[in-house]
Structures are given as structure tokens and as C-alpha cells.
There are 2 protein chains.
Amino acid sequence: MSSDDVTGQAADGPRRRDAAATRRALLLAARTRFTRLGYDRTTLRDVAADAGVNLALIKRYFGSKEGLFKAALAETPRFLGGTGEFPRGRAALAEALSRQLAAGAWAEFGEHPVLMLLRDSGDEQVAQLRRRALAEFGRQVLEASGGSSAPDAELRAELLVALGVGVAVVRSAVGLRPLADATPEELLGPLHDIVEGLLGPPSD
Amino acid sequence: MSSDDVTGQAADGPRRRDAAATRRALLLAARTRFTRLGYDRTTLRDVAADAGVNLALIKRYFGSKEGLFKAALAETPRFLGGTGEFPRGRAALAEALSRQLAAGAWAEFGEHPVLMLLRDSGDEQVAQLRRRALAEFGRQVLEASGGSSAPDAELRAELLVALGVGVAVVRSAVGLRPLADATPEELLGPLHDIVEGLLGPPSD
DNA sequence: CCACCAAGTAATCATGCGTTGACATGATCC
DNA sequence: GGATCATGTCAACGCATGATTACTTGGTGG
């Protein structure tokens with residue numbers, strides 16, 4: 001039913017007997033399908049086909065569909081804030097946010113990590129990972145905004161996280177325009193205003 | 001597998017031979033399960049059980065699972081902005097937003113309409129409805145904010161929509177705290193600042 | 001060259017779930 | 001009170017899909 005070629009990935013060269021390569025190919029295909037279609041609408045047969053690999057190898061390398069999903073999900077936090085911290089200061093924060101939200105900064109990952117992070121298999125462990133990743137993202141925003149001045153500083157930082165999540169969803173999943181078409185440059189001004197408004201007068 | 005009693009709805013009185021009532025019961029159960037579990041993880045058997053109704057009646061009243069989903073979805077726009085417009089003015093906008101985002105204003109609907117609206121069955125018609133509903137919500141925000149002063153006023157209004165979507169997702173689906181626990185009152189201040197910052201100095 | 005093991009393949013199983021059609025039953029009207 | 005139709009019940013089918021097992025292939029080390 002849903003075996004449309006969602007990725008243009010299959011049919012690589014005659015890559016034979018390369019365990020690491022098949023693992024990578026499976027992960028890439030899984031990421032793509034899970035992100036675009038969600039957990040349930042992603043079938044292992046389609047993933048295997050995209051990767052140009054036999055279905056049974058998914059069991060060999062990842063144990064189960066859930067295992068494959070978790071493996072694909074485990075990569076996302078790296079792409080959220082990167083390992084490095086955010087730059088300090090409001091203006092830099094707004095710029096970093098607008099780039100992360102609107103740019104194709106996800107090129108390496110292939111899809112939008114936030115959307116992948118929001119995908120749900122029903123597993124509680126997955127929900128925890130998601131919560132942790134977004135909480136960490138919130139912490140980074142809080143730090144970048146210059147420490148905590150207001151008592152609700154944490155709440156305000158998480159509102160920025162929520163904004164990020166909402167923008168990702170509305171752009172990629174919903175396709176609301178003009179938001180979906182906005183470039184990082186067009187987003188920068190409004191986001192700057194939000195950050196300034198939300199975080200209030202600099203505390204330092 | 002997923003036949004936990006997600007709603008406490010079954011086993012009403014001996015309501016026998018009341019077509020309208022069974023339709024209503026089915027819609028309520030469907031709304032609940034679709035919103036919490038999504039399209040695929042919602043089984044018709046569970047919906048029927050929740051409603052205390054025979055499985056085959058879903059076919060009778062809604063034709064198919066897709067039909068049931070669309071019927072449940074068709075109710076959501078009513079609960080987004082209500083039929084009435086938003087109150088005019090920035091402060092009123094912020095207040096309305098914070099109430100809609102954090103309050104149990106969804107009591108009548110039973111679940112959070114935004115989350116239901118984000119659920120996907122894969123049907124293109126559904127995607128259109130979702131886009132339309134959110135676009136309409138954006139239009140209302142734009143009007144409430146006092147017409148269009150800036151050239152990117154539309155974009156800014158949609159950013160508020162995205163914020164609403166993000167807050168709904170992060171609160172109900174992700175459970176990020178303290179955001180998830182915040183009361184409408186606690187949300188009001190930060191939201192007011194966002195609205196003021198985003199919409200800039202009043203144009204009138 | 002042979003033996004061995006990882007890598008890959010093919011076929012099948014098991015089952016959850018949407019769908020369907022034939023049947024039962026209660027109300028309403030003449 | 002019986003005909004009739006809407007409402008509700010029951011049992012079953014068929015298919016998609018995740019899982020699994022037995023088998024084949026190819027490279028590598030002795």
C-alpha cells in the first residue's frame with residue numbers, strides 16, 4: 001500500500017557483504033520513513049527495500065522494529081543543539097534559532113530531527129528519551145539567554161522550545177504558508193522580537 | 001494489546017435502539033482514542049468497546065475507519081477559535097491564547113482539539129482540512145492583533161499559531177515540565193510578552 | 001584448498017485488524 | 001396483531017505485516 005519510493009536511495013552499487021554499510025543504509029532509510037510516515041505507517045519491508053537490503057537483516061542488526069526505531073531515534077539529540085552549546089546572548093540565540101528552524105541545517109541527518117523526535121512507537125522508554133532531549137534543549141536555551149533573572153525563566157525557556165517544536169511541525173508536517181516557505185532571513189526578525197519580548201530586559 | 005480502558009466510558013445504562021446516542025458515543029470514544037493514540041494505534045474494536053456498542057455499527061454509521069476519523073476530525077475547528085472571533089487588542093489576544101493553551105477549555109470536546117487536528121490518517125483530504133483550520137486560526141490571530149502593519153504580519157501571526165501548536169504538543173504529548181504543569185495564570189505573563197514582542201508597537 | 005563463520009536470502013508462520021454479509025430484534029404504523 | 005424497516009448482533013474472511021527459521025554464499029585464515 002505505502003510502498004511508494006519515498007527516498008531515492010535503493011539500488012546502490014553491488015555493495016556485497018559489508019555489514020557496516022548495510023547497517024548504515026538501514027538506519028538512513030528508517031530515519032527517512034519514520035520521520036515522514038511515523039512508526040506505524042512505516043513497514044519493515046519498505047525500509048529494507050529502500051536500503052536495498054533483505055528484510056531479515058533488520059532482525060539481525062536491530063532485533064525488531066522497535067529496536068530499529070530506537071536506534072534511529074538515538075541519533076537525533078546529536079542534531080538538536082549539536083554537542084556544542086548555544087552562543088551566548090539574545091541576538092545570537094535568535095539567530096541560532098532561526099537558522100535551526102528554517103535552514104537546511106539538517107542536511108546531514110536527512111530529515112528534521114525534531115519531527116523524528118516527536119514520532120511515537122508507544123514505548124515508554126521512547127517517551128522518556130524525547131522528554132530528556134527537549135528538556136536538555138530547554139536548558140541550553142536558558143543558559144544562552146543569559147542565566148536566570150526571572151523566577152519563571154525556566155518556563156520562558158521552555159516556551160521557546162515549544163515554539164521550535166511548533167514551527168517544525170507547522171512547516172514540515174502541516175505546510176502552513178507563508179510560514180512553511182519562509183527563509184531563515186525572513187524568520188530572523190520576528191524570532192528576534194519574540195526572544196527579546198520573552199526574555200525581557202537583559203539581566204546583566 | 002492496546003485494549004486498556006483509556007476512557008471510563010463503557011457500560012452506560014441499557015441505552016437500547018437509540019441511533020443518535022450510539023453515534024454520539026462512537027464519536028466521543030473515537031475522539032478520545034484517536035487523539036491519545038493516533039490513527040493507526042486506534043482499533044475499531046476498542047472504540048466500539050469504549051462506546052459500549054457493536055463493532056459493525058461503525059460501518060453502518062461511518063462507513064469505514066477513515067470515515068469515523070474524518071467525522072471526529074470535522075468537529076475540531078469548532079473548538080479552535082470557537083465560531084466567534086477573537087477579542088481585539090494585544091492584551092486580550094494574549095489572555096485568550098493563554099486560556100486556550102493551558103486551560104481545560106477543552107472540557108466539552110473531551111481532548112485537546114489541536115492534538116486531534118495533528119493526527120494523521122494519511123488521507124490528503126485530512127491534510128487539507130488541517131491546513132485550512134490552522135490557516136483560519138492564523139487569520140483570526142492576525143485580525144485580533146489589529147490589522148496588518150508590517151509586511152510580514154501574516155508570518156508573525158502564523159508564528160503565534162506555531163507557538164500554540166508547539167505548546168499543545170509539548171504539554172500534552174511530551175509532558176515537558178514546568179511547561180506541562182503551568183496554569184493559565186502562570187502562562188499569561190510570558191505569552192503577553194511574546195505577543196507584544198512579536199506584533200511590535202501598536203499600529204493604530 | 002578446505003573449513004568455518006559472518007553476511008545475506010527465501011519462504012513461511014502467526015496474528016491483529018478492517019471489513020463484510022447474513023441474521024436477529026425491537027419499535028412503529030395501519 | 002402482523003408487516004416492515006431501522007437498529008443491533010454474530011461469525012467469518014482476507015490481507016498486511018512483524019517475526020522467525022532453515023538454508024546459501026562468500027570471504028578469510030590455516
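Order of the sequence lines sets the chain letters (A, B, ...), proteins ahead of strands, with each chain counted from 1.
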With a non-hydrogen cut-off below 4.0 angstrom, is A:L55 in contact with a base, only sugar-phosphate, or nothing?
-> base
Could you tell me the separation between the OH atom of A:Y61 and the C1' atom of D:dA19, rounded to a whole number of Å?
-> 18 Å
Ignoring the backbone of B:R17, work out which of D:dT20, C:dT25, D:dT9 is nearest its side chain.
-> C:dT25
Base, sugar-phosphate, or nothing: which does B:L57 touch, judged by heavy atoms less than 4.0 Å apart?
-> base
The side chain of B:A56 lies closest to which of these nucleotides: C:dG8, D:dT7, D:dC10?
-> D:dC10
Contact summary for B:A29 and B:D50, nearest pair of heavy atoms | CB-CB, 3.7 Å
B:T43 side chain N/O closer than 4.0 Å to the phosphate oxygens (OP1, OP2) of C:dG16?
-> no
To the nearest angstrom, the CD1-P distance between A:I58 and C:dA7 comes to 16 Å
With the side chain of A:N54 defined as its heavy atoms from C-beta on, choose the nearest nucleotide among D:dT21, C:dG21, C:dA10.
-> C:dA10
Starting at atom NZ of A:K59, determine the distance to atom C1' of C:dT12, rounded to an integer number of angstrom.
-> 14 Å
Sidechain N-carboxylate O distance under 4.0 Å for A:D120, B:R41 = no
Decide yes or no, distance alone: a donor-acceptor N/O pair under 3.5 angstrom between the base of D:dG18 and the side-chain of A:R45.
-> yes
Under 4.0 Å between a Lys/Arg side-chain N and an Asp/Glu carboxylate O for B:R131 and B:E124?
-> yes
Looking at B:R139 and B:E143, does any basic side-chain N land under 4.0 Å from a carboxylate oxygen?
-> yes
Out of D:dA19, C:dT19, C:dT20, which has the shortest distance to the side chain of A:S64?
-> D:dA19
